[in-house]
Trainee: 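Take a look at the following structure, please.
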Amino acid sequence: MPTFSVTILETTSALQNRAPQNGTGQNGTSQNGTGQNGLGQNSSVLAVIAPVPRAVDAYVRWEIQLLNDDNSPLGLPREISATEVAALESEHRPRWIFNDAPGTYGPLLAAGVRIERCHDIMMTERLLLPRQGQYGEPAAAQAISARLHSQPAPPDPEPAPTIHSAMPGQQAMGLFEEEGPAAQVPGIRVLLEAYVDQRERIDLLAEMPVGEGISVNPGAFKLLVAADSACALIGVEMTRVGMPWRREIHEQILQARLGPRPKPGTRPAVMADLAAQINEAFGFAVNPDSPADLRAAFARLGVEIETTRAWVLRTVEHPAVEHILNYKELQRLYTANGWNWLDEWVHNGRFRAEYVPAGVVTGRWATRGGGALQIPKIIRGAVRADPGCTLVVADAAQLEPRVLVAVSGDPALEALADAEDLYTALAEFGFSNDRNKAKIAMLGTMYGQTSGAAGAWLATLRYRYPVAMDFLEDAARRGEQGRLVTTILGRTSNPPSGVWTEIVDAGAGPAASRAQESQGRRVARDRGRFTRNFVIQGAAADWAAVWLSTLRQSLRAVDGADIVFFQHDELMVHTPVDSAKEVARLTSEAADTACRLVFPGGRARTPVRPIITDCYADAK
DNA sequence: CACGAGCGCGCC
DNA sequence: AGGGCGCGCTCGTG
């Protein structure tokens, strides 16, 4: 079999290529890192794989093409069955190259084939495009091929049908039944062409920095490609496995708060009572579901409120307020996570959402359906391990400030990095040991808070941690100027829109009216807050992607352990009880590995706190 | 009537 | 007065 010594996308080789940073984060200069390494154990077989559409048995056959060291095809493409794919996987553990994980790994996994590693072309293209000034262009292999041949790129196909159509008891729907022509699935030659082109473009990043002021560290970028590709696999696996969810416990929680399930078209009893009390308190009928109505009601009493957000209502002294707040809380539970949600999203003891790794501009994951990243704390009691199993819930403590330590290299902040609780350590200096103050101040700097009581606290931070604050200010200034920013691994922000540029230019022009000027300044500052946060939130997403993909690798040794949930800086593994301690250890070990890989040479730490529990509600 | 913008709130 | 989301509601518009 061929070996492939240039192991792009090999996490361990990315480590070899990743020289220590000079501590200035995105200002770091380009490092070496052609991807060469002599490590035999990192050699890998590369196999391009494309689903072969069939009218009847979609995706039971696959076209594959093995590659030589130099990316040239080895032999002829072959058509093989899922069983043969599984055999190839267990014998050679190739890096499978495919267009996108949902489209290829989804049906493979449904056929019982689990793979270890991949190169996800669409995922990778979405990392490359903004670096080339082509943010938002189509990312599928066909589009890459078209651009190579100076032809118009076809739009990316719509995402595969939601998992609703692939529920147990139903036949999983193939793309083609749903979307018509099989031509939407790239064939093996287009995949190969796109892959080779991506390899070349990634290697060019080393020699040809794209975009003013955007550092290019190819070792880092390859690590990012590897991690995001692995996350693409994890997303498919998590969607399939689902989160253990006990309907009857969820229903008990609903019943306790809302009363029995109401008939369709009516409010739950408790909410109906509250609505009546609200009317009574006002002395006239008010629809608590309508912000406009609520505002008008308070206006009739002579109370003008800007919005009806809970924190604004709380400042109003009126007997209706308490009832409104209670109503809103219950209304939220009822509509977002009530009985209808259970009916739609929980089947056979599992909540299956559709995960979209790196679906957010900053690299965070997104989900479609079920609101999986917004599961309220009050219903987490319904998340229970199966008999004989337990949950390992691990979260990275104070990840974002720790990321700031790492990417800014601020020596004064680094001195606090060993503290178990970063905010407590921070509070000792200038915050009179008030942890909450220190926390709000720190988060405020990373979100671009500009006003409020935190103003004085920001001054304290600027005085004590000038390097870190300069790092954030620099990112904000870039944004205000319409420039791009990148994370430590090279994930690049989207550019501002054309409308943004027009508004800012108009505001800065010599003929600008006062209104144009202030509008221009406002949108520029909005952009600055985005880029300021991007370098932190994005680097945290970089770290989390490496954490997750490292853990996935080590969990292969643990029978029956599944990653069942991931939420920015927290993950959950469902595992046999006997393996729980080992799984907990692995989550910590993976975090240490991620810290070394993503923030090499720095003094930052990114500890995680694994908790073994049968019930998610007990994990805090 | 369908669609979508705006609002508000859940999570990080 | 903050960054990033998804989702369900209301309400105005085509």
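Lettering of chains follows the sequences in order, A, B, ..., and the numbering in each one begins at 1. Just so it is clear, the values below take in all heavy atoms, side chains as well, and ignore hydrogens, waters and symmetry mates.
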Trainee: Remember a base hit wins even if backbone is also touched, and classify A/A310 as base, sugar-phosphate or nothing at under 4.0 Å, heavy atoms.
Mentor: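 The residue A/A310 makes sugar-phosphate contact but no base contact.
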Trainee: Which one, C/dG4, B/dG8, B/dC12, comes nearest to the side chain of A/T307?
Mentor: B/dG8
Trainee: What's the shortest heavy-atom distance between A/A406 and A/A604, and which atoms?
Mentor: CB-CB, 3.5 Å
Trainee: Hey, would you say the A/H574 and A/F565 ring centroids sit under 6.0 Å apart?
Mentor: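 Between A/F565 and A/H574, which both carry aromatic rings, the centre distance is not below 6.0 Å.
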Trainee: Do you know which two heavy atoms are closest between A/E420 and A/Q398, and how far apart they sit?
Mentor: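 Heavy atoms of A/E420 and A/Q398 come nearest at O-OE1, 3.7 Å.
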Trainee: Contact class for A/R529 vs. all strands (heavy atom < 4.0 Å): base, sugar-phosphate, or nothing?
Mentor: sugar-phosphate
Trainee: Between A/Q374 and A/R364, name the one whose nearest nucleotide on DNA chain C is closer to the 5' end.
Mentor: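 Upstream on the strand: A/R364.
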Trainee: Does atom NZ of A/K263 have more than 12 heavy-atom neighbours from other groups under 6.0 Å away?
Mentor: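 Count not over threshold, so no.
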Trainee: What about A/R309, does its side chain sit under 3.5 Å from the base of B/dC7 through a donor-acceptor pair?
Mentor: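 Per atom types, no contact qualifies.
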Trainee: Can you see which heavy atom on A/W365 is nearest to which on A/L548, and at what distance?
Mentor: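 Closest approach of A/W365 to A/L548: CZ2-CD2, 3.4 Å.
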Trainee: Taking only side-chain N and O atoms of A/K377, does any of them lie within less than 4.0 angstrom of OP1 or OP2 on B/dC12?
Mentor: yes
Trainee: Checking all strands, does A/G371 fall into the base, sugar-phosphate, or nothing category for heavy-atom contacts under 4.0 angstrom?
Mentor: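 Sugar-phosphate, backbone atoms only, no base.
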Trainee: For the side chain of A/N533, counting heavy atoms from C-beta on, which of C/dC9, B/dC12, C/dG3 is nearest?
Mentor: C/dG3
Trainee: Counting just side-chain N and O atoms, does A/S290 come under 4.0 Å of either OP1 or OP2 of C/dC11?
Mentor: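 Looking at the OP1 and OP2 atoms of C/dC11, one of them is under 4.0 Å from a side-chain N or O of A/S290.
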Trainee: So what does A/Q537 hit on the nucleic acid, given a heavy-atom distance under 4.0 Å: a base, only sugar-phosphate, or nothing?
Mentor: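 Base, at least one base atom sits under 4.0 Å.
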Trainee: Taking the side chain as every heavy atom from C-beta outward, state whether A/N494 and A/F530 have any pair of such atoms under 4.5 Å apart.
Mentor: yes
Trainee: So which heavy atom on A/L422 is nearest to which on A/V405, and how close?
Mentor: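 That closest heavy-atom pairing would be CD2-CG2, 4.4 Å.
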Trainee: By the 4.0 Å heavy-atom rule, please label A/T308 as base, sugar-phosphate, or nothing.
Mentor: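 If one applies the 4.0 Å heavy-atom cut-off, A/T308 turns out to touch the sugar-phosphate alone, with no base involved.
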Trainee: Hey, can you pull the residues of residues 318-334 of chain A with a non-hydrogen atom under 4.0 angstrom from DNA chain B?
Mentor: A/K328, A/R332
Trainee: For the side chain of A/K620, starting at C-beta, report the closest nucleotide among B/dG10, B/dC12, C/dG6.
Mentor: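 It is B/dC12.
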Trainee: Classify the nucleic acid contact of A/R380 as base, sugar-phosphate or nothing, counting any heavy atom under 4.0 Å across all strands shown.
Mentor: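 Counting heavy atoms under 4.0 Å across all strands, the contact made by A/R380 is with sugar-phosphate only.
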Trainee: Tell me what A/L399 touches on the nucleic acid: a base, only sugar-phosphate, or nothing, going by heavy atoms under 4.0 Å.
Mentor: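 Contact class for A/L399: none.
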Trainee: What's A/G359 touching, base or sugar-phosphate or nothing? Going by heavy atoms closer than 4.0 Å.
Mentor: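 Contact class for A/G359: none.
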